[in-house]
Amino acid sequence: MNKSSNQLIDYTLYLGDCALILGQRNAEWCAHGPILEQDIAITNITLDVIGQSRNFYQYAAQLINAVENKNVTEDSLAYLRTERDFKNLLLCELPNGDWAQTVLRQFFFSTFQQLLFEKLKDGPDEHLSAIAVKSIKEINYHIKWSGEWVIRLGDGTEESHNRMINAVNNLWMYTGEFFIAADYENSDLILLKNKWLEKVKDIFDEATLTVPENVFMQTGGKTGNHTEYLGFVLSEMQSLQRTYPGAEW
Amino acid sequence: MSIHDLELAFQDKIDNEIKIEPKDWMPEAYRKTNLRQISQHAHSEIVGMLPEGNWISRAPSLKRKAILIAKVQDEAGHGLYLYAAAETLGMSRDQLVEDLNSGKAKYSSIFNYPTLTWADMGAVGWLVDGAAILNQVMLCRTSYGPYARAMVRICKEESFHQRQGFESLLVLSKGTKEQREMCQDAINRWWWPSLMMFGPKDSESTNSDQSMKWKIKRKTNDELRQNFVDMIAEQIKLLGMTLPDPNLKWNENRKHYDFGEINWEEFWNVVKGNGPCNKQRLAARNKAHDEGAWVRAAAMAYAEKRKNKLKTKAA
Amino acid sequence: MNILIKKFYYGDIPDGASENEKPNTHKLSETSWPLWEVFMRSKQGLDHKHAGSLHAADAQMAIENARDVYTRRQEGISIWVVESKYIHASNPDDSEMFYEPSEDKVYRHPTFYDLPDEVKHM
């Protein structure tokens with residue numbers, strides 16, 4: 001396998017892993033949301049990102065099978081890789097926390113995803129471009145939904161404001177990783193950082209929140225160095241596939 | 001018009017299949033019966049999300065995960081449509097939810113049984129949703145307009161639930177030995193509780209059947225239960241599985257399946273709150289509601305602020 | 001033994017059957033979201049039609065909630081919402097004077113007029 005096809009596979013897996021792990025986390029809200037209408041709303045986002053992950057995994061499987069003569073599928077990629085294989089951003093695997101932390105995580109992630117996918121859309125790989133075009137429509141709604149919640153909670157009650165500040169403090173250190181290119185990524189990733197900050201700042205201004213400065217950033221997700229949380233997410237998610245190897249479901 | 005005349009005119013409408021709408025005159029007992037039924041139905045959808053939601057994180061393939069999430073979300077939608085129908089009878093969503101969470105209001109006992117293995121997702125879809133659909137198809141023609149309209153919408157969405165349940169069991173029934181055992185075990189555990197969903201036998205009912213007269217309900221418990229048994233007894237052949245009832249047998253005279261006696265002691269105990277999961281289910285609903293309180297309050301506070309800001313701007 | 005068994009339906013479970021019922025101690029919140037009516041255009045060229053109701057804190061959220069609740073299966077391409085309290089409805093008691101007077105105005109309907117078959121497209 002040559003370097004570039006290897007990189008493309010890793011990159012595609014990275015995109016799939018982010019979407020799947022975030023979907024797995026968001027799905028924990030299903031049946032437990034703060035009000036019925038919003039239970040349904042966040043579950044729509046969950047279904048969107050899980051759909052995205054399947055698109056990426058299917059493409060990754062196709063790439064892997066072409067070069068390695070294996071029989072990899074979307075499910076073997078999701079269910080049979082281990083903690084160190086997963087390349088998702090650390091942000092995606094963090095516990096949901098409260099509603100404030102969940103909507104803020106979604107807003108950070110979707111805002112980043114939109115910038116990334118706008119680039120993918122015009123990129124050289126037709127498959128990734130097609131997935132990006134389809135996903136951007138979904139992502140635009142995710143940003144709208146989560147951004148409005150950030151504003152609503154930031155500028156809501158004293159309690160909700162404090163909970164938003166708490167969420168910002170918990171999550172900010174996981175956002176630096178977005179823009180540090182792994183060896184399977186293009187180094188111009190850093191160029192997205194200012195655009196991302198701008199959008200975040202706009203929403204934070206409306207939400208009466210302050211953008212933190214001089215925060216030491218956590219990294220490692222993209223290369224498989226995860227938080228302790230991921231192991232539990234995977235062992236739960238993968239339990240049936242691990243217990244009954246080779247079974248069809 | 002005297003109350004008696006109003007009642008006669010009301011019954012006349014019902015007899016002529018004219019739907020009753022929220023602002024129409026209706027006997028107080030009709031309003032109450034509908035409110036109780038619709039809200040219990042709504043609560044059942046909401047609590048029903050929990051046993052299945054339980055398996056979302058462990059769904060064994062990405063396709064199954066997406067299907068299960070969509071299904072549980074549909075149940076939230078169905079609960080929402082039904083709460084809205086109940087609200088037309090003069091009780092707020094808040095009050096309805098409070099009644100569920102305090103244990104005052106009831107929901108279908110079936111959701112107090114645990115989902116122990118993945119095969120339960122299939123069994124619940126096929127048997128529990130299958131039983132529910134028989135009720136719901138009947139309720140599409142119920143006499144109260146908002147309830148009937150909610151049911152029409154729900155029935156359109158619900159048929160996917162039963163189909164996916166059966167299809168999921170079909171895959172297990174053709175799978176490994178462990179999967180086949182899992183499939184049979186789930187059917188064994190869910191069969192009797194599904195039959196209980198239709199309620200006590202007609203012969204043991206002490207109520208005069210006002211619900212039938214008012215066409216809130218159009219078939220008796222036993223009629224619906226028999227429909228269900230006849231349907232499932234045939235479908236299970238396609239799975240190559242068995243139903244856990246030695247007395248299940250085709251009766252050529254009746255042109256129906258005969259079946260064994262339900263354990264009514266278990267039935268009443270689960271209704272009374274002594275089922276395997278009654279406490280967990282209510283605890284989960286209360287937790288979600290209580291932890292969501294600050295979120296709901298913040299959204300209202302923000303909406304008020306914005307309204308005032310717009311007013312100031314306009315002035 | 002004389003056991004009282006009441007009739008019980010799916011969605012019709014007798015009240016007060018629970019042994020574990022706790023008193024309703026929750027206080028109703030003053031911050032509950034208002035009720036909205038949702039109207040949807042199912043496809044271009046058709047009227048908006050009442051789809052159902054939902055709760056939302058404000059109009060923007062009501063539109064988005066309607067999108068999330070009522071268009072899961074591509075049921076709509078345009079949404080209207082109005083807070084339920086602003087809907088004014090006619091009174092069913094007025095039905096006779098409102099709607100029945102038009103019953104005998106058969107001459108308003110095209111079928112009232114017999115025309116020779118030779119007159120086409122009218």
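Letters go in sequence order (proteins before strands), and every chain restarts at 1. Quick note: numbers below take in every heavy atom, side chains included, and nothing from hydrogens, waters or symmetry partners.
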Query raised in the report: Are B:Lys174 and A:Glu248 side-chain neighbours, meaning at least one heavy-atom pair lies under 4.5 Å?
Result: no
Report summary line: Assert top hit (heavy-atom pairs under 4.5 Å, partner chain A, pool B:Lys305, B:Glu178, B:Arg306) equals B:Lys305
Query raised in the report: Quick one: do B:Arg93 and A:Glu37 make a salt bridge, cutoff under 4.0 Å?
Result: yes
Query raised in the report: If we only count heavy atoms from C-beta on, is the B:Lys65 to A:Gln24 side-chain gap below 4.5 Å?
Result: yes
Report task. Please state whether the side chain, the backbone, both or neither of A:Arg25 comes within less than 4.5 Å of a heavy atom of chain B. Result -> neither
**Report entry** Interface residue of largest heavy-atom contact number with chain A, from B:Ala303, B:Ala297, B:Ala299, B:Ser168, under 4.5 Å
**Finding:** B:Ala299
Requested in this report: Below 4.5 Å from any heavy atom of chain B, which atoms of A:Ile50 appear? Answer side chain, backbone, both or neither.
Outcome: side chain
Query - Minimum heavy-atom distance A:Arg54-B:Ala66, with the two atoms named - result: NH1-CB, 4.4 Å
Query raised in the report: Going by heavy atoms in the side chains, are A:Leu20 and B:Leu62 under 4.5 Å from each other?
Result: yes
Report task. To the nearest 0.5 angstrom, please state how far the CG atom of B:Leu80 sits from the CG atom of A:Asp39. Result -> 10.0 Å
Query - Over all atoms of both residues, closest heavy-atom pair of A:Tyr79 and B:Ala59 - result: OH-O, 2.7 Å
Query raised in the report: Taking side chain as C-beta onward, heavy atoms only, is B:Gln73 less than 4.5 Å from A:Leu47?
Result: yes
Query raised in the report: Highest number of heavy-atom pairs under 4.5 Å with chain B: which of A:Gly23, A:Pro34, A:Gly33?
Result: A:Pro34
Query raised in the report: For B:Ser61 and A:Asp75, which heavy atoms make the closest approach, and how far apart are they?
Result: CB-OD2, 3.2 Å
Query raised in the report: Do the non-hydrogen side-chain atoms of A:Tyr244 and B:Gln179 ever get within less than 4.5 Å of each other?
Result: no
Query raised in the report: What is the distance from atom OH of B:Tyr81 to atom CG of A:Leu36, rounded to the nearest 0.5 Å?
Result: 10.5 Å
Query raised in the report: How long is the gap from CD on B:Glu75 to SG on A:Cys30, to the nearest 0.5 Å?
Result: 9.0 Å
Query raised in the report: Of the backbone (N, CA, C, O) and the side chain (C-beta and beyond), which part of A:Trp29 lies under 4.5 Å from a heavy atom of chain B, both, or neither?
Result: neither
Query - Side chain proximity check, A:Asn162 to B:Trp294, heavy atoms < 4.5 angstrom - result: no
Query - Part of A:Gln241 within contact of chain B (heavy atom distance under 4.5 Å) - result: side chain
**Report entry** Atom pair OG1/CD1 of A:Thr46 and B:Ile69 - distance to nearest 0.5 Å
**Finding:** 6.0 Å
Query raised in the report: For the atom pair CZ (B:Arg58) and CE (A:Met237), what is the distance rounded to the nearest 0.5 Å?
Result: 13.5 Å
Query raised in the report: If you count the non-hydrogen atoms of other residues, nucleotides and ligands that lie under 6.0 Å from CZ in A:Arg242, is the total more than 12?
Result: yes
Query raised in the report: What residue in A:Thr43, A:Thr157, A:Val233, A:Asp155 has the most heavy-atom pairs under 4.5 Å with chain B?
Result: A:Asp155
Query - Portion of B:Met121 that has a non-hydrogen atom of chain A nearer than 4.5 angstrom - result: neither
Report task. Check whether any side-chain N or O of A:Arg152 sits under 3.5 Å from a backbone N or O of B:Ala301 as a donor-acceptor pair, and report yes or no. Result -> no
Query raised in the report: Should B:Lys287 and A:His32 count as side-chain neighbours, where that means a heavy-atom distance under 4.5 Å?
Result: no
Query raised in the report: Looking at side-chain heavy atoms only, is the closest gap between A:Leu153 and B:Tyr302 below 4.5 Å?
Result: no
Query raised in the report: Can you check side chain to side chain contact (heavy atoms under 4.5 Å, CB included) on B:Trp118 and A:Thr243, steps first, answer last?
Result: CA-CA 12 Å; B:Trp118 171 254; A:Thr243 312; over 6 Å; no
